[in-house]
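Written out below as structure tokens is the structure these notes cover.
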Amino acid sequence: MPSPAFTKLRAKLADLFQLDAAAELDFGIYRILNARRAEIARFLDSLEVQVEAILGQAGADAGAPLRAELAKTIADLQALAVDDHVIDSNKKVKELREKLAALGTAGQEAGALRDDIFSLLTTFFSRYYKDGDFLSLRRYKADTYAIPYEGEEVKLHWANADQFYIKSAENFRDYTFRLGPPPTGEAPDLRPRVTFKLTEADTEKDNNKPAAGKERRFIFHSVLAPEPAADGVPHLTLGFTYQPAAKDQKQADLHADASARILKEYAKGPFLELATKRPTEKKKDRTLLDKHLADYTARNTFD
């Protein structure tokens, strides 16, 4: 059974490699990740065994010279016809046995050392990856970050100060995901597809601020007629606009409205899985559709 420390590390690496997203999305880099998903998962599952093997080998290598020296010392004493109780009380024999006993204790602590390694790796990757973004976060203690400081009276710092960053406008793209488990082997992927398509977008130009009291939101308006699929795969295309809305009109409320309308009319037949539960700790009633709506809007509004 995997140790809790390894389970935590594996979850962090799976999040970093976006394994869950790769299994459901069908565009861009997610196609590459999906093609390698099984290989990456096997690598992650083998990490604990690899670390234990390396630690075990290190312990065995450290004890081999001591065991050989102890065997030679005892053999030399036996060649002199020394009694066993005299051999046991021999100073050199006692020292070598104590050293080997200490190595045995260290071997028993290998599990603790292994867990320390996994915990340190989890902390390291957590410094550079959080909530879908890579940032250099110097940890001082829990929930507190340190910054480089050389005694200046005023120090200006930002999270990605040591990274190249180019601010760009929103880059809206179609968001497509498939329903059902991925095919095995070389079988064609005939899973139903669902696409969120932006039909109209209104954005600020030249880094201008939004109008007072207005924030742009994703708003569902209708189901679009999809292009005919040569493979006969069912395809549901949902149309959205990105337009100004009152500040008190939250995106979460628009999500809930869109989800209720879509599930009522279209969560049937090949698209019934849209209504299946994908709960989180805070959202016990979250559906698969709710998850993808949140992912879609978060991806396109991240700047």
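Source: prediction; values computed, not measured. We're numbering straight along the sequence, starting at 1. All heavy atoms count here, side chains included; hydrogens, waters and symmetry mates do not.
- Defined by atom type and a distance below 3.5 Å, a donor-acceptor pair is missing between the side-chain atoms of Thr237 and Thr195.
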Checklist entry - Taking it one step at a time, do Thr241 and Thr199 satisfy side chain to side chain contact (heavy atoms under 4.5 Å, CB included)? => result CA-CA 6 Å; Thr241 61; Thr199 59; 3.8 Å; yes

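- Evaluation of the side chain to side chain donor-acceptor pair (under 3.5 Å) rule for Lys250 yields no partner, not counting sequence neighbours.
- Rounded to the nearest 0.5 Å, atoms CD1 (Ile40) and CG (Leu44) are 7.5 Å apart.
- Scored by the salt bridge (charged side-chain N to carboxylate O under 4.0 Å, His left out) test, Arg10 finds Asp45 as partners (sequence neighbours excluded).
- Between the CD atom of Glu95 and the OG1 atom of Thr73 there is a distance of 10.5 Å, given to the nearest 0.5 Å.
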Item to check | Test log, rule side chain to side chain contact (heavy atoms under 4.5 Å, CB included), inputs Arg97 and Asp88 | outcome: CA-CA 10 Å; Arg97 284 175 173 172; Asp88 292 338; 3.0 Å; yes

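- Take Glu273 and apply the side chain to side chain contact (heavy atoms under 4.5 Å, CB included) test, not counting sequence neighbours, and it matches Leu179, Thr276, Arg278, Leu288.
- Between Ile117 and Val51, some side-chain heavy-atom pair lies under the 4.5 Å cut-off.
- Clustering ILVMFWY residues whenever any of their side-chain heavy atoms sit less than 4.5 angstrom apart, transitively, puts Tyr266 in the very cluster that holds Leu274.
- Applying the salt bridge (charged side-chain N to carboxylate O under 4.0 Å, His left out) criterion to Lys268, with sequence neighbours excluded, gives no partner residue.
- Partners of Glu39 by salt bridge (charged side-chain N to carboxylate O under 4.0 Å, His left out), not counting sequence neighbours, listed by chain and number: Arg36.
- Here CZ of Arg217 is found 8.0 Å from CD of Gln249. Values are rounded to the nearest 0.5 Å.
- Rounding to the nearest 0.5 Å gives a distance of 11.5 Å between CG of Leu236 and CD of Glu265.
- Here the side chain of Arg216 pairs no donor or acceptor atom with the backbone of Gln243 at under 3.5 angstrom.
- With sequence neighbours left out, Glu281 forms a side chain to side chain contact (heavy atoms under 4.5 Å, CB included) with no residue at all.
- Pro234 is linked by a side chain to side chain contact (heavy atoms under 4.5 Å, CB included) to Pro192, Pro270, Phe271, counting only residues two or more places apart in sequence or in another chain.
- Side-chain contact between His292 and Phe196 is present, with heavy atoms from C-beta onward closer than 4.5 Å.
- In this structure, the separation between OH on Tyr175 and OH on Tyr296 is 10.0 Å, given to the nearest 0.5 Å.
- Contacts of Lys94 classified as side chain to side chain contact (heavy atoms under 4.5 Å, CB included), with partners at least two apart in sequence or in another chain: none.
- Taking CG from Leu47 and CG from Leu121, the interatomic distance works out to 8.5 Å, rounded to the nearest 0.5 Å.
- By the side chain to side chain donor-acceptor pair (under 3.5 Å) test, Ser46 pairs with Gln50, sequence neighbours left out.
- Panel note: side chain Gln251, backbone Phe218; a donor-acceptor pair is recorded below 3.5 Å.
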Throw together a table of side-chain donor-acceptor distances under 3.5 angstrom for residues 254-261, partners on residues two or more places apart or in other chains.
{"unit_1": "His255", "atom_1": "NE2", "unit_2": "Thr297", "atom_2": "OG1", "d": "3.2"}
{"unit_1": "Ser259", "atom_1": "OG", "unit_2": "Asp290", "atom_2": "OD1", "d": "2.7"}
{"unit_1": "Arg261", "atom_1": "NH1", "unit_2": "Phe220", "atom_2": "O", "d": "3.4"}
{"unit_1": "Arg261", "atom_1": "NH2", "unit_2": "His221", "atom_2": "O", "d": "3.4"}

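- Applying the salt bridge (charged side-chain N to carboxylate O under 4.0 Å, His left out) test to Lys283 and every residue at least two apart in sequence or in another chain returns nothing.
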